[in-house]
Peer 1: 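My questions will all concern the structure given below.
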Number of protein chains: 4
Amino acid sequence: MERPSPGPTPSGRRPRADAARNRSRLVAAARNAMAADGANVSLERVARDAGVSIATLYRHFPQRDALIEAVYQDEVGALVAAADDLRARQEPVVALREWLLLFVDFLDSKQGMSEALGTLLQGPDALFRDSSDRLASCVDALVRSARATGRLTTAIQPLDLLRAIGGIASVSPNVDWKASAERLVDVLLLGLGADADLVADRSPHPGTTP
Amino acid sequence: MERPSPGPTPSGRRPRADAARNRSRLVAAARNAMAADGANVSLERVARDAGVSIATLYRHFPQRDALIEAVYQDEVGALVAAADDLRARQEPVVALREWLLLFVDFLDSKQGMSEALGTLLQGPDALFRDSSDRLASCVDALVRSARATGRLTTAIQPLDLLRAIGGIASVSPNVDWKASAERLVDVLLLGLGADADLVADRSPHPGTTP
Amino acid sequence: MERPSPGPTPSGRRPRADAARNRSRLVAAARNAMAADGANVSLERVARDAGVSIATLYRHFPQRDALIEAVYQDEVGALVAAADDLRARQEPVVALREWLLLFVDFLDSKQGMSEALGTLLQGPDALFRDSSDRLASCVDALVRSARATGRLTTAIQPLDLLRAIGGIASVSPNVDWKASAERLVDVLLLGLGADADLVADRSPHPGTTP
Amino acid sequence: MERPSPGPTPSGRRPRADAARNRSRLVAAARNAMAADGANVSLERVARDAGVSIATLYRHFPQRDALIEAVYQDEVGALVAAADDLRARQEPVVALREWLLLFVDFLDSKQGMSEALGTLLQGPDALFRDSSDRLASCVDALVRSARATGRLTTAIQPLDLLRAIGGIASVSPNVDWKASAERLVDVLLLGLGADADLVADRSPHPGTTP
DNA sequence: CATGAATGAGGCTTCATTCAT
DNA sequence: AATGAATGAAGCCTCATTCAT
């Protein structure tokens with residue numbers, strides 16, 4: 001079956017290997033580039049970083065957005081997987097909290113990708129409906145579980161939690177943003193009615209202004 | 001005898017009128033443009049929208065930042081004034097809450113200006129120290145007063161409140177964002193320890209996902 | 001079977017033809033333009049003259065200097081070749097003289113290119129070390145040979161000979177400059193100690209002022 | 001007399017003082033600027049340096065060239081005066097030599113002005129005929145005197161001496177150019193037939209290449 | 001007279017995208 | 001299927017010059 005075909009009609013599908021390799025190289029390069037410069041990456045640069053020609057990039061991603069979306073898919077995939085895992089193994093409110101902290105970590109590790117992810121938080125009418133929806137369902141499920149325990153009383157749109165956190169993260173050069181974001185997670189949970197003892201107060205009395 | 005014309009029409013110093021008009025047109029155009037695209041506005045577009053030549057823009061604002069800063073000055077001025085007013089006339093925690101809601105209104109009325117304001121929330125090492133500092137001191141004072149009453153217990157960096165709110169606002173096309181933001185204000189205040197009765201629950205049980 | 005067309009026209013790799021044609025058009029246009037305005041050519045003009053888009057110019061010469069250097073390479077190449085030839089076939093002092101006269105011819109044929117070449121005479125710390133060095137070594141070798149015969153006594157930096165000649169040439173619109181330059185060659189050689197009979201006095205008593 | 005005028009008809013001519021002051025400030029500023037950047041000065045910069053408005057510059061020098069010419073007039077004036085002085089007090093050939101060395105000094109002290117002066121050496125069909133002619137007559141007279149003594153035999157166009165020297169000077173960043181230029185003066189004089197003993201060999205055997 | 005404002009034009013550079021091979 | 005070349009459009013900025021006051 002490896003053998004392409006002896007006849008004149010090409011039957012093998014081997015070129016796919018090259019194509020697939022190029023595709024993932026492109027996505028990886030785009031991810032890195034977006035981490036540095038946000039979603040305004042130069043496509044030429046992505047192609048160069050990926051080691052392919054610009055025309056090849058266009059073959060794989062005929063519209064600029066297609067490439068961006070591909071990056072999002074990757075990123076969101078990881079977040080969703082983590083959420084599934086946490087929900088399976090933790091008490092709901094804890095799972096929510098852990099996931100939000102994970103989200104903070106995630107933003108931290110991607111420095112700048114935050115801006116890109118921000119796009120996904122804009123809601124479903126954007127160009128990236130698919131990833132956007134996956135992410136939304138993911139937080140939604142976490143919040144729904146937590147509220148089902150009766151331990152979260154105040155209502156809020158789940159995505160808004162991520163938006164608020166993202167708001168802090170998007171001011172990238174702010175050195176201490178991660179601590180701020182982690183505190184915000186707890187303020188939000190408290191505000192939603194979570195027990196105070198859930199939230200270990202790890203960092204007392206921060207300064208008021210940076 | 002200095003005054004050449006006795007009538008109401010001043011004849012002596014009118015050229016300034018043109019310049020001033022152009023200047024404010026430029027700032028207005030920049031504000032609008034920034035509402036759409038954030039601080040990365042194309043200067044050429046601003047000039048075009050303002051109906052002046054690009055060179056005129058450069059005469060008024062020789063460095064790009066000067067224009068941005070001018071926009072910020074305007075915006076921040078209004079916010080600071082409102083804060084002073086509220087602090088003078090309201091109980092501290094209420095003043096804080098009212099101001100945050102005002103901030104939401106403000107972002108709403110500026111649609112997208114949020115991103116521009118976001119720049120100011122990045123902290124003092126940015127290029128726009130002046131406006132940035134003014135805004136920071138402003139929230140700072142409000143939060144300090146509120147905490148001084150003993151009615152706010154949990155600590156958070158004041159600017160982070162704005163950042164969180166801004167996070168929700170920055171997803172401009174989201175139709176319902178204002179309601180979300182207003183709810184976030186209360187969630188945040190509750191999370192900071194404010195009395196539940198302070199926060200009239202005007203909006204019960206919102207949907208979960210947009 | 002690979003070759004679609006049996007005729008002499010190669011079919012397989014033609015795109016290069018376009019690129020090469022554009023490249024040489026660009027260099028030619030640049031040479032002409034530099035002849036008029038020196039190395040401060042407007043790149044836009046070069047592109048326009050060459051009949052290609054400005055972006056194409058940038059593809060071939062991503063840095064302005066790359067284009068200039070390309071022009072220099074061409075010009076210097078010809079001069080060096082001539083020097084090698086003369087040294088191989090002439091008595092040293094004669095070779096030097098002939099080459100200097102050739103240099104004059106050269107400047108003459110390039111009208112204004114002189115200014116561009118002037119850049120090369122500035123010495124090795126300039127941006128165009130490569131061409132610069134090649135030219136310097138070239139004159140150096142000629143002068144060294146001539147001095148080795150003992151027939152040139154006074155010392156001078158070889159490049160200064162070219163600089164002096166270039167000084168006369170750089171006043172392009174001066175109609176008679178070539179005669180002046182040729183006379184200068186002999187004055188210089190005499191000043192360096194060459195035998196008077198080497199220098200056939202072809203041009204007696206020129207006018208004093210143009 | 002401070003008082004402008006009591007009657008309706010302005011009678012005083014005081015504004016001339018201002019005008020004259022502005023004019024010389026402009027010329028001075030232009031000279032400095034040209035020393036730094038050659039003749040491509042930005043007129044705005046000149047006006048700014050001179051402390052007057054750009055429009056005032058235009059009132060004094062309606063065409064860009066008028067300003068340049070004014071600068072030339074100044075510079076050439078100094079050189080001509082020196083020549084007159086030397087001719088009056090020195091033996092002709094010595095006077096010529098001294099003046100050429102002075103010319104070298106002059107170029108040295110003006111670093112960059114050299115380019116500007118270069119313009120004057122281009123000959124009479126340029127835009128700056130007046131200064132150009134004055135300079136030409138000046139060298140002419142020096143050379144004529146020297147040749148009249150019979151001690152200069154070979155002929156050359158007087159201006160070409162300056163052009164050759166200027167050729168060396170115009171390569172400004174070349175650290176050692178002044179020594180080169182001084183040596184060239186002697187090579188030229190020797191080449192023209194001057195006695196070797198006139199030319200004190202102050203600097204034996206320089207290196208060949210920089 | 002002098003001024004500051006305004007402008008048109010031009011140069012530089014980068015990019016997303018299309019095309020011929 | 002992949003490539004390198006080419007392009008138009010757009011952004012940035014600076015300048016010489018004109019105009020209204």
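Below, read A as the first sequence line, B as the second, and so on, with proteins coming before strands; counting in each chain starts at 1.
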Peer 1: Atom NE2 of H60(D) and atom C1' of dT17(F): how far apart are they, to the nearest Å?
Peer 2: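 To the nearest whole Å, that distance equals 17 Å.
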
Peer 1: Within this structure, what is the CG-to-P distance between L67(D) and dT17(F), rounded to whole angstrom?
Peer 2: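 Rounding to the nearest Å, CG of L67(D) and P of dT17(F) are 11 Å apart.
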
Peer 1: Please name the pair of heavy atoms, one in A30(A) and one in V71(A), separated by the smallest distance, quoted to 0.1 Å.
Peer 2: CB-CG2, 3.7 Å

Peer 1: Taking only distance into account, with no hydrogens and no angle test, what donor-acceptor pairs under 3.5 Å do side-chain atoms of residues 47-63 of chain D form with protein atoms, sequence neighbours excluded?
Peer 2:
unit_1, atom_1, unit_2, atom_2, d
S53(D), OG, A55(D), N, 3.0
S53(D), OG, T56(D), N, 3.1
S53(D), OG, T56(D), OG1, 3.4

Peer 1: DNA chain F: stems of at least 3 consecutive Watson-Crick or G-U pairs, cut-off 3.5 Å?
Peer 2: E:2-21 with F:2-21

Peer 1: Without decimals, in angstroms, what is the distance between N22(B) CG and dC19(F) C1'?
Peer 2: 14 Å

Peer 1: Between L26(B) (CG) and dA6(E) (C1'), how many Å, whole number?
Peer 2: 12 Å

Peer 1: Name all residues meeting the side-chain hydrogen bond (donor to acceptor under 3.5 Å, both in side chains) criterion together with Q73(C); count only those two or more places apart in sequence or in a different chain, and write none if there are none.
Peer 2: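 side-chain hydrogen bond (donor to acceptor under 3.5 Å, both in side chains) list for Q73(C), sorted by chain: E69(C), D130(C), R134(C).
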
Peer 1: Nearest heavy-atom pair of I68(B) and M34(B): which atoms, and what distance?
Peer 2: CG2-CE, 3.8 Å

Peer 1: Under the side-chain contact (heavy atoms from CB on, under 4.5 Å) test, which residues partner S42(D), sequence neighbours left out?
Peer 2: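 Applying side-chain contact (heavy atoms from CB on, under 4.5 Å) to S42(D) gives E44(D), R45(D).
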
Peer 1: Separation of F61(C) atom CZ from dT13(E) atom P, in whole Å?
Peer 2: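 About 14 Å, once rounded to whole Å.
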
Peer 1: Quick one: L57(A) CG to dT17(E) P, roughly how many Å, whole number?
Peer 2: 10 Å

Peer 1: Both R64(C) and P62(A) contact DNA chain E. Taking the nearest nucleotide for each, which residue is further toward the 5' end?
Peer 2: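 That would be R64(C).
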
Peer 1: Going by salt bridge (Lys or Arg N to Asp or Glu O under 4.0 Å), name the residues that satisfy it together with R64(D), two or more places apart in sequence or in a different chain.
Peer 2: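 By the salt bridge (Lys or Arg N to Asp or Glu O under 4.0 Å) rule, R64(D) matches no residue at all.
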
Peer 1: R21(B) CZ to dA20(F) P: how many Å, rounded?
Peer 2: 14 Å

Peer 1: When you measure from the side-chain N and O atoms of T56(B) to the phosphate of dA5(E), is any distance below 4.0 Å, counting only OP1 and OP2?
Peer 2: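 For dA5(E), neither OP1 nor OP2 has a side-chain N or O of T56(B) closer than 4.0 Å.
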
Peer 1: Could you check which residues of residues 42-55 of chain B get a heavy atom under 4.0 Å from DNA chain E? Sort them by number, please.
Peer 2: V52(B), S53(B), A55(B)

Peer 1: Figure out the CZ/C1' separation between R59(A) and dA1(F), and round it to whole Å.
Peer 2: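 Result: 5 Å.
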
Peer 1: Would you say the side chain of D18(B) lies within less than 4.5 Å of the side chain of R21(B), judging by non-hydrogen atoms?
Peer 2: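 Result yes, sub-4.5 Å side-chain heavy-atom pair found.
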
Peer 1: On DNA chain F, check which nucleotide each of V41(B) and Y58(D) is closest to and give me the residue with the more 5' one.
Peer 2: V41(B)

